[in-house]
Each structure stands twice: as C-alpha cells, then as structure tokens.
*Asks:* 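Shown below is the structure under consideration.
Keep in mind that the numbers below use all heavy atoms, side chains included, and drop hydrogens, waters and symmetry copies.
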There are 2 protein chains.
Amino acid sequence: MAGQQPERKRQERGRRRMEQLADAAAEVFAETGYAKATTNAIAARAGVSPGTLYQFFANKEAIAEVLAQRYRAALQAAHDKAFDPGFATLPLPDLIDRMIGPMIEVNVANPGFKALFNAADMPERLAAPTRQLHQAVVGKIAEVLATRAPDMSEESVRTTAVVATQIFGALLNTVVAAPEAEREVWITELKRALRGYLEPIIGA
Amino acid sequence: MAGQQPERKRQERGRRRMEQLADAAAEVFAETGYAKATTNAIAARAGVSPGTLYQFFANKEAIAEVLAQRYRAALQAAHDKAFDPGFATLPLPDLIDRMIGPMIEVNVANPGFKALFNAADMPERLAAPTRQLHQAVVGKIAEVLATRAPDMSEESVRTTAVVATQIFGALLNTVVAAPEAEREVWITELKRALRGYLEPIIGA
DNA sequence: CGAAATTACGAGTGATTGCTCGTATTTGTC
DNA sequence: GACAAATACGAGCAATCACTCGTAATTTCG
C-alpha cells in the first residue's frame, strides 16, 4: 500500500529522505521540465528506489507540490521585504532598488522554479496558486503607484503595474540565468529599464 | 512502411491533408504543449486516422518541424520589413513604431508559436533554429544602436540590444494574449517602455 | 530481547502513446 | 475499363512511465 493521506509518523531518517527527494526533484524538473521528468529519474537522483519515493509522496504531483510550497513561502517572504511601507516615499531609483533586491535574491536562490511554475505542462492545480501570488504583487505595485501619482486613472495604474512586472519578470530570467560575474550588469540594466518606463509616468 | 524520406509524389488531396494536419497540430500544440500533445489527438483534430497522419509525416517531430518552418519563414519576412535601412535615421519613437509593427503582426497571426518554440519540452533540434533567428535580431538591433550612438562601447550596445528585445518579448506575449479590443493599449505601453529604456541611453 | 512501526527495495503491472502494417478505397493515366 | 500509385483506415505492437506490492532491513520503544 501507499498514498499516505493522513501523514504517517515520520522518523528523522524519513524527513531527511523527503528533503533529499525534493531536492532531487527540483534538479530533475529544472533540467527536463515537469512533463518529461520521470519519477524513477527523481528517485535515482536521490539515490533511492522508486518504491521508496512512493513511501513519502502519493504521486508525481505531490512532489511538485512541496516544491511549490517551498517556492511560495520564499516568494512570500521576499514580498514582505520588498513592500516595506517605509519605501513609499523614497525617490524612484531608491524605491526600485529596495523592491527588486529581495525578489532577485529569492529567484537566484531557487533557479528554475519561476520557469517551472509558469510552464504549460505543469498541472493547473500547482500553477494557479503561484499565479495568484503574482497577481497580488501586481496589486501591491498598483497601490504604490497610486499613492505616488494620485491623478492617474485606476485603469492606467493597473496597466502600468502590469507592464512594470512584465519588464521585471523578463529581465529577472536573464539575471538568474547569467553567471555570477555578469549578474550585476544585468541588474543595473533591469533598474534602468524600470526607471525609464516609470519615470515619465509617475515622475522621480 | 512509412517514413518517406525521399518525399513520395503528392496529389492535390495529399497536399491538402498535410495542411489540415499541420493546422490541427498547431492547435493541439498550442493547447497542450509539445510533450503532452498526442499524435492521435492531432489526427483526430484533423479528422483522419492515426495511420493517415503517418502517411505524411515520419514522426511527431516532423509535424512540429513544418510548423517551425512556417514560423521561421513568417518571422524572416517580418524581420525584413522591420529592419528597413531607411528607418535608421528616423526619430526614436518613429523607429520603434516601424520596427515592432511587423513583429507584432506575425506573432498575432501565429499565436502560441512563440511560446511553443521557447518551451522546455520542445526537442532541441527544433528550438535551436528559432533561437538562432532571435540572436540575429539582437545583432541587427545592436547595429542600429551602434550607428545612432557611436560612442557606446560594443559591449554596452550588445547589452542594450539584449535588454530591448527582452522587454519587447515580454510585452509581446501580453499583446498576443490580449483580446483584440485591448491590444492597442498594450502596444502603446510596449512603445512607451522601449522609449523609456532607450531614450536615456541613445537619445531621441 | 522482541514486537510494531517505519524505511527500503526493485521487479512487475496497467495505462498511455508513438508508431506500424495489412488491407481497403480513391485517384491519375493509358 | 484496367492497372499502378497515392490515400485512408484502425486495430494493435512495442516502449515508456507512473505507480504497486510482497518482502526485507532498520529503527523505536517497552
């Protein structure tokens, strides 16, 4: 039997195995994508048999689920740092610096997760919550914009927020994919792009 | 037998079938992604049996191959329009207008192709040529930038070109995904973003 | 120690899917 | 009409893969 819904009691060894398996899954998913990744490959990467994997995870989706939880938790923490209320009155360049820092860090620390949870082959169940978090970010950015440019229509604020996050998301991929040494260059360009887009709209 | 490498002689009916199958494949790939799309589903969508599909295509990859060729040809045509030498001396806003127009058109006319050929589950053989075309575009943009800002270092020019295409690519997805009625709004924002990024670097 | 629970194994199973092949129908050519 | 080539069918084969299950080793705890 398997598929332990009511969470059987885990020993220390078991908890370590679950971490191992999740780590291995993160690697395999990142390399091949969700659909092409095989559970046997994940087990092999973790150095265990297929049967052992299913002692700890009900199915393939459940493995991705714990990764999604990891990622969402890390994102949430980054968001909390990025949207510090004290930033609201900073000059635009400083505001941008403060806000994108934590977001870049979390994605550099979790390479491949952003791509994985945006991929078309990922089950809707797992992609949806991450999208929801993303929408929340857009909302927060819209709030910041609205306080800085009170004259803008609600619709324009929303549009601007969406575009700013799109720009951020696109260049974030480049930043994450870049070798350590080049990362700063791309981060500089990312900031330049955001300032260039936002300054004419909401001022410095 | 099947797998007709030396291209057997096609009748009119056969050529129509191939178009039907390619069209059906474009739909199914767009809906489910390359890996999850089944050849039987493609055949069914085209209203033929699995056997018939394999009268015309050696394997699943060959179907995607003709789509890749379609897309590349359309992209190439768009590039030729976008990089008209006469545009080089236009004011920046006009230059941007002229260049992105054809690129947007081709992607609106081929929805899903951009995402498909960038996906992780697509065989490398098919993704590579499209990436190469993309690299060529970056090179062309770098040329335009270099003539407009002769003082910039080669490296900076390259970086700026990459970032500009990233911004374009990100917002292009939004433009393509948007309902017809909203498209103009997003195109306006796309232009605004490009101007905002480029103007401080290379002037108007 | 000894019993129960947990962890581990890995060959095997059922379902899915890319693709085949024997056969039947349609089309082009004389 | 007659023959060959092209088109069409669809049941089924072989390979892949998520997942199972019988069994065995290890850990926990009285």
*Asks:* Would you call A:Glu65-A:Arg72 a salt bridge at under 4.0 Å N-O?
*Replies:*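 Judged by the 4.0 Å cut-off on N to carboxylate O distance, A:Glu65 and A:Arg72 do form a salt bridge.
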*Asks:* Take B:Lys9 and B:Ala35, find for each the nucleotide of DNA chain C with the closest heavy atom, and name the residue whose nucleotide sits nearer the 5' end.
*Replies:*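 Of the two residues, B:Ala35 wins.
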*Asks:* Check whether any side-chain N or O of B:Arg10 sits under 4.0 Å from OP1 or OP2 of D:dT7, and answer yes or no.
*Replies:*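 Indeed, a polar side-chain atom of B:Arg10 lies that close.
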*Asks:* Tell me: CG of B:Asp121 to C1' of C:dG18, nearest whole Å?
*Replies:*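 Rounded to whole Å, this separation is 16 Å.
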*Asks:* Quick check against the 3.5 Å criterion: does A:Lys60 have a side-chain atom that pairs as donor or acceptor with the backbone of A:Ala35?
*Replies:*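 Answer holds: yes.
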*Asks:* In whole Å, what is the span from the CE atom of B:Met18 to the P atom of D:dT7?
*Replies:*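 So the CE-P distance, B:Met18 to D:dT7, works out to 9 Å.
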*Asks:* What nucleotide, of C:dT6, C:dT20, D:dC9, holds the atom closest to the side chain of B:Gln55?
*Replies:*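 That would be D:dC9.
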*Asks:* Does OP1 or OP2 of D:dT20 have a side-chain N or O of A:Tyr54 closer than 4.0 Å?
*Replies:*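 Result: no.
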*Asks:* Taking CD from A:Gln20 and P from C:dT7, how many angstroms apart are they, rounded to a whole number?
*Replies:*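 Those two atoms, CD and P, are 13 Å apart.
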*Asks:* For B:Ser49 and D:dG10, is the shortest distance between a side-chain N/O and OP1 or OP2 below 4.0 Å?
*Replies:*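 So the side chain of B:Ser49 is outside the cut-off, no N or O lying under 4.0 Å from OP1 or OP2 of D:dG10.
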*Asks:* For B:Ala62, answer base if it contacts any base atom (sugar-phosphate contacts may also be present), sugar-phosphate if it contacts only those atoms, and nothing otherwise; contact means non-hydrogen atoms under 4.0 Å.
*Replies:*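 It contacts nothing in the nucleic acid.
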*Asks:* From CZ of B:Phe57 over to C1' of C:dT17, roughly how many Å is that when rounded to an integer?
*Replies:*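 Between C1' of C:dT17 and CZ of B:Phe57: 19 Å.
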*Asks:* Could you tell me how far apart B:Leu21 (CG) and D:dC9 (C1') are, to the nearest whole angstrom?
*Replies:*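 Atom CG in B:Leu21 sits about 14 Å away from atom C1' in D:dC9.
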*Asks:* Between B:Tyr34 and B:Glu12, which has a closest nucleotide on DNA chain C that is more 5'?
*Replies:*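 This one resolves to B:Tyr34.
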*Asks:* Identify whether any heavy atom of A:Gly51 sits under 4.0 Å from a base atom; if not, whether one sits that close to sugar-phosphate; answer base, sugar-phosphate or nothing.
*Replies:*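 If one applies the 4.0 Å heavy-atom cut-off, A:Gly51 turns out to touch a base.
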*Asks:* When we call it a touch if two heavy atoms are under 4.0 Å apart, what does A:Asn40 touch: a base, just sugar-phosphate, or nothing?
*Replies:*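 Here A:Asn40 touches the bases of the nucleic acid.
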*Asks:* Using whole Å, report how far CZ of A:Arg15 lies from C1' of D:dT28.
*Replies:*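 Taking atom C1' of D:dT28 as the reference, CZ of A:Arg15 is at 13 Å.
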*Asks:* Please report the interatomic distance CD1(B:Ile104) to CZ(B:Phe168), rounded to the nearest 0.5 Å.
*Replies:*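 Taking CD1 in B:Ile104 and CZ in B:Phe168, the distance rounds to 5.5 Å.
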*Asks:* Checking all strands, does B:Ala41 fall into the base, sugar-phosphate, or nothing category for heavy-atom contacts under 4.0 angstrom?
*Replies:*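 Nothing: the residue B:Ala41, judged by heavy atoms under 4.0 Å, touches no strand.
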*Asks:* What nucleotide, of D:dA8, C:dT27, C:dC19, holds the atom closest to the side chain of B:Phe56?
*Replies:*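 My answer, after comparing the listed nucleotides, is D:dA8.
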*Asks:* Measure from the side chain of B:Arg13, starting at C-beta and using heavy atoms only, and say which of D:dT7, D:dT20, C:dA8 lies closest.
*Replies:*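 The nucleotide sitting nearest to the side chain is D:dT7.
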*Asks:* Any non-hydrogen side-chain atom of B:Val176 less than 4.5 Å from a side-chain atom of B:Lys114?
*Replies:*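 No, side chains not in contact.
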*Asks:* In this structure, how many angstroms lie between the C1' atom of C:dG18 and the CD atom of B:Glu61, rounded?
*Replies:*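 After rounding, the gap between these two atoms is 13 Å.
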*Asks:* Kindly say if A:Thr39 contacts the phosphate of D:dA18, meaning a side-chain N or O under 4.0 Å from OP1 or OP2.
*Replies:*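 Yes, such a contact exists.
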*Asks:* NZ of B:Lys36 versus C1' of C:dG18: gap in Å, rounded?
*Replies:*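 One finds 17 Å between C1' of C:dG18 and NZ of B:Lys36, rounded.
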*Asks:* Tell me whether the rings of A:Phe117 and A:Tyr71 are parallel (<30°), tilted (30 to 60°) or perpendicular (>60°).
*Replies:*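 Rings of A:Phe117 and A:Tyr71: parallel, under 30°.
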*Asks:* If you compare every side-chain N and O of A:Thr52 against the phosphate oxygens of C:dC9 (OP1, OP2), does one of them come in below 4.0 Å?
*Replies:*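 Yes, within the criterion.
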*Asks:* Choose from D:dA18, C:dA8, C:dG18 the nucleotide whose nearest atom is closest to any side-chain atom of A:Lys60.
*Replies:*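 Among the listed nucleotides, the one closest to the side chain of A:Lys60 is D:dA18.
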*Asks:* Are B:Glu19 and B:Arg16 close enough for a salt bridge, meaning some N to O gap below 4.0 Å?
*Replies:*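 Salt bridge: no.
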*Asks:* Among C:dC19, C:dT17, C:dT7, which nucleotide has an atom closest to any side-chain atom of A:Gln11?
*Replies:*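 Taking heavy atoms from C-beta onward, the closest nucleotide is C:dT7.
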